[in-house]
Amino acid sequence: MSHARIFPRHSFYCVLGGLAALYVFCAMMLVPAKVYILPYLITPDFIHHRGAIVVLFLAVPAAIYLIGWQGSDFFAWLRAPGRLTVGAQGLQLGDRTLAFADVTRFRHRHNRNQVLLGSRDGKTLRLRLNLWDASDVLLAEVEEAVGDAMAHEVERRLHAGETVKFGALGMQADGLVHKGQLIAWSSIDTIRTQSDEDGMEVDEHLVIVAHGKSRKIDRSKLDNEPALMACLMQRLPAH
């Protein structure tokens with residue numbers, strides 16, 4: 001399926017907000033030199049107000065956050081190709097092709113809506129979902145393809161008695177491993193995903209309930225989550 005590049009409005013507005021914060025900072029710094037670039041807002045009287053120091057110290061961190069973090073998709077959009085294509089064997093992004101069979105690491109950074117795809121050649125492709133139309137469909141396509149490509153090797157290693165690591169979580173033939181502790185399959189009551197909103201950020205967690213005790217794992221710290229979920233479905237079909 002082909003996906004067209006779209007304009008990241010939220011990221012663009014964040015960049016504008018960051019530039020505005022920098023402008024306010026410059027306006028405050030120029031007042032002692034009697035240069036007024038915001039004459040009706042930033043005045044000598046305002047500079048001497050107790051709240052001015054708060055604005056001064058918050059302006060630059062706010063600008064860095066808005067431009068460098070929330071606005072990064074806008075700068076990526078400027079140099080991104082016009083179309084991304086997901087095929088049966090891999091994806092095509094501009095002049096770069098990545099075969100799903102060559103993907104060795106999949107990490108979904110939920111709080112930034114990005115997918116990192118590490119390949120056998122040591123390179124990492126950053127897939128910014130906010131830049132493409134039908135991003136939910138795109139994510140599902142990539143997750144399914146990567147999960148299918150990895151599942152066979154994961155199952156082989158499990159049957160060989162190895163512990164397969166998925167970042168913050170591990171898996172053995174006998175169960176899951178979290179913080180060095182084995183959670184046997186028979187002790188697991190439920191496994192579910194959970195979204196927690198905190199202002200502009202949304203954190204996604206994998207919640208494992210075993211013997212009535214809940215464990216919350218940040219999904220952004222899970223590697224190869226599609227393969228992990230595929231293996232869980234094989235072992236816990238009722239959940």
Side-chain angles (χ1 to χ4, degrees), residues 1-6 8 72-73 76 80-81 83-94 96-158 164-171 176-178 188 190-197 201-208 215-239:
M1 182 176 178
S2 183
H3 298 267
R5 185 184 64 179
I6 60 175
S72 61
D73 281 346
R83 191 162 296 275
L84 178 152
T85 302
V86 181
Q89 303 301 319
L91 58 84
Q92 178 78 36
L93 181 61
R96 181 172 183 183
T97 300
L98 177 62
F100 293 126
D102 292 336
V103 176
T104 57
R105 180 173 180 256
F106 174 105
R107 175 167 285 196
H108 186 182
R109 300 175 69 182
H110 294 268
N111 58 347
R112 302 200 69 179
N113 208 21
Q114 299 175 2
V115 172
L116 302 180
L117 298 170
S119 58
R120 298 185 191 279
D121 60 6
K123 297 180 180 179
T124 299
L125 174 65
R126 187 189 303 270
L127 188 59
R128 296 175 181 265
L129 299 174
N130 292 331
L131 300 188
W132 308 102
D133 65 352
S135 59
D136 291 343
V137 176
L138 171 60
L139 176 60
E141 291 172 341
V142 175
E143 283 183 330
E144 181 179 4
V146 170
D148 290 344
M150 290 182 172
H152 177 75
E153 176 63 15
V154 172
E155 291 290 352
R156 183 195 67 77
R157 293 178 59 188
L158 291 174
V164 181
K165 294 184 178 180
F166 294 93
L169 195 64
M171 182 181 292
L176 298 173
V177 180
H178 182 237
I188 297 177
T190 60
I191 296 181
R192 70 179 189 276
T193 59
Q194 177 177 303
S195 299
D196 298 318
E197 294 188 12
E201 303 292 340
V202 178
D203 295 323
E204 295 283 341
H205 292 92
L206 186 69
V207 181
I208 302 173
R215 299 171 184 257
K216 292 178 65 175
I217 302 168
D218 186 351
R219 293 176 66 190
S220 294
K221 296 181 180 179
L222 290 175
D223 287 329
N224 306 332
E225 188 179 7
L228 168 65
M229 300 306 291
C231 293
L232 287 176
M233 290 179 65
Q234 294 293 324
R235 287 158 177 78
L236 301 168
H239 300 294

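Heavy-atom basis, side chains included; hydrogens, waters and symmetry copies ignored. Given the structure is predicted, the values throughout are model-derived calculations rather than measurements.
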Sidechain N-carboxylate O distance under 4.0 Å for Arg107, Glu143: no
Could you tell me whether Glu144 atom CD has more than 12 heavy atoms of other residues or ligands within 6.0 Å of it? no
Roughly how far apart are Ile188 CD1 and Arg215 CZ, rounded to 0.5 Å? 9.5 Å
Steps toward side-chain contact (heavy atoms from CB on, under 4.5 Å) verdict (Leu176, Leu232): CA-CA 10 Å; Leu176 298 173; Leu232 287 176; 4.0 Å; yes
Do Arg128 and Ser72 meet the criterion of a side-chain donor-acceptor pair at a distance under 3.5 Å? yes
side-chain contact (heavy atoms from CB on, under 4.5 Å) between Glu153 and Arg156, intermediate numbers included: CA-CA 5 Å; Glu153 176 63 15; Arg156 183 195 67 77; 2.7 Å; yes
Less than 4.5 Å apart, any side-chain heavy atom of Leu138 and any of Leu129? yes
Roughly how far, to the nearest 0.5 Å, is CD of Glu225 from CG of Asp223? 10.0 Å
What's the separation between atom CG in Leu125 and atom NZ in Lys123, rounded to the nearest 0.5 Å? 11.0 Å
How close do Pro81 and Gly94 get, heavy atom to heavy atom, and via which atoms? CG-N, 3.6 Å
With a 4.5 Å heavy-atom cut-off, do Asn224 and Arg105 have their side chains touching? yes
Ala101 backbone acceptor or donor facing Arg120 side chain under 3.5 Å: yes
Show, in sequence, the C-alpha distance, side-chain angles and deciding distance for Glu141 and His3, and conclude whether the side-chain hydrogen bond (donor to acceptor under 3.5 Å, both in side chains) test is met. CA-CA 11 Å; Glu141 291 172 341; His3 298 267; 3.0 Å; yes
State the CD-NE2 distance between Glu155 and His152, to the nearest 0.5 angstrom. 9.5 Å
In the structure I gave you, are the side-chain heavy atoms of Leu84 and Ser2 within less than 4.5 Å of one another anywhere? no
Does the pair Val207 and Ile191 meet the rule for a side-chain contact (heavy atoms from CB on, under 4.5 Å), with working shown? CA-CA 6 Å; Val207 181; Ile191 296 181; over 6 Å; no
Compute whether any side-chain donor of one residue and acceptor of the other, for Arg109 and Ser220, lie under 3.5 angstrom apart. no
Inter-residue atom distance His108.NE2 - Arg219.CZ, 0.5 Å rounding: 7.5 Å
Within-4.5 Å side-chain heavy-atom neighbours: Gln89 and Phe100: no
Could you state the interatomic distance from NZ (Lys216) to NE2 (His205), rounded to the nearest 0.5 Å? 5.0 Å
For a 4.5 angstrom cut-off between non-hydrogen side-chain atoms, does Leu117 reach Phe106? yes
Return the minimal non-hydrogen interatomic distance between Pro8 and Asp73, and the atom names on each side. CG-O, 3.9 Å
Does a side-chain heavy-atom distance below 4.5 Å link Leu222 with Ile217? yes
Between the main-chain N or O of Gln92 and the side-chain N or O of Arg96, is there a donor-acceptor pair closer than 3.5 Å? no
Steps toward side-chain contact (heavy atoms from CB on, under 4.5 Å) verdict (Trp132, Leu93): CA-CA 11 Å; Trp132 308 102; Leu93 181 61; 3.5 Å; yes
Using a 4.5 Å cut-off on heavy atoms from C-beta on, say whether the side chain of Thr104 contacts that of Ser119. no
Any side-chain heavy-atom pair from Gln114 and Leu127 closer than 4.5 angstrom? no
